[in-house]
Amino acid sequence: MHFRPLHDRVVVRRLESEEKTKGGIIIPDTAKEKPQEGEVIAVGPGGRDDAGKLQPLDVKAGDRILFGKWSGTEVKLDGEELLIMKESDIMGVIEKTSAKKKAA
């Protein structure tokens, strides 16, 4: 199944959180919080401004994002749990840095 969100909505797959703490303690499923990091799966065409002009979204499919703890609506598509949220619920895009810091 292919799902295309409308307007300024995005479809997000939550990324799994660590099952251990830095100290090596295993966290049971019942104590885990839902991750606030995800990958954008699909994006809508964008919202309209006051003049009716289409405003494209700043995120695209494949972006890793951070979102609020209670953001979005959980849905199940093809047996996979996904979130549908407005672009305004996204706090930011996580960008990979390839430049290494050099010692001066």
Side-chain angles (χ1 to χ4, degrees):
M1 175 189 312
H2 181 74
F3 181 81
R4 182 178 55 90
L6 299 176
H7 309 295
D8 63 340
R9 289 182 176 81
V10 297
V11 179
V12 176
R13 177 186 301 123
R14 284 187 197 268
L15 297 177
E16 293 301 317
S17 60
E18 293 290 323
E19 295 188 11
K20 287 185 182 180
T21 64
K22 290 183 181 183
I25 298 171
I26 297 174
I27 303 169
D29 287 339
T30 55
K32 283 188 201 174
E33 287 192 22
K34 290 188 177 183
Q36 293 175 271
E37 186 176 332
E39 178 185 1
V40 176
I41 304 301
V43 297
R48 301 239 177 228
D49 63 10
D50 293 336
K53 184 178 176 188
L54 187 66
Q55 297 293 320
L57 301 181
D58 290 330
V59 295
K60 61 187 179 307
D63 283 349
R64 288 177 64 124
I65 59 165
L66 287 178
F67 50 88
K69 187 179 280 192
W70 307 109
S71 298
T73 301
E74 293 181 353
V75 295
K76 200 168 201 175
L77 295 172
D78 287 341
E80 183 177 16
E81 290 186 14
L82 301 170
L83 287 170
I84 299 176
M85 65 181 70
K86 288 187 167 264
E87 185 187 36
S88 59
D89 290 338
I90 298 173
M91 292 188 274
V93 177
I94 300 170
E95 297 178 350
K96 295 180 183 176
T97 56
S98 59
K100 294 181 180 177
K101 294 182 180 179
K102 295 182 181 179

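- For the pair Glu81 and Arg14, the salt-bridge criterion is not met [side-chain N within less than 4.0 Å of a carboxylate O].
- Think of Ile94 as one node in a network of Ile, Leu, Val, Met, Phe, Trp and Tyr side chains linked at under 4.5 Å; its network also takes in Leu66.
- When side chains are defined from C-beta on, Phe3 does not count as touching Val75, because their heavy atoms never get closer than 4.5 Å.
- Taking the charged nitrogens against the carboxylate oxygens, Lys86 and Asp89 have no contact shorter than 4.0 Å, which rules out a salt bridge.
- Pro45 approaches Pro5 most closely through the heavy-atom pair CD-O, 3.8 Å.
- Considering Leu77, Val10, Val11 as possible partners of Ile41, the one that fulfils the side-chain contact (heavy atoms from CB on, under 4.5 Å) test is Val11.
- The shortest distance between side-chain heavy atoms of Arg48 and Leu54 falls below 4.5 Å.
- In this view, Asp50 satisfies the side-chain contact (heavy atoms from CB on, under 4.5 Å) rule with no residue, not counting sequence neighbours.
- Rounding to the nearest 0.5 Å gives a distance of 6.0 Å between CG of Leu6 and CZ of Arg4.
- Once rounded to the nearest 0.5 Å, the distance linking CG of Leu82 with CD of Glu74 reads 10.0 Å.
- Within a 6.0 Å sphere centred on CD of Glu80, other residues, nucleotides and ligands contribute more than 12 heavy atoms.
- Annotation: the span from Ile90 atom CD1 to Asp8 atom CG amounts to 9.5 Å, rounded to 0.5 Å.
- Taken to the nearest 0.5 Å, the CG atom of Leu15 stands 5.0 Å off from the CD atom of Glu37.
- Met91 and Val93 sit in two unconnected hydrophobic clusters of ILVMFWY residues. Membership requires side-chain heavy atoms under 4.5 Å apart, directly or through other members.
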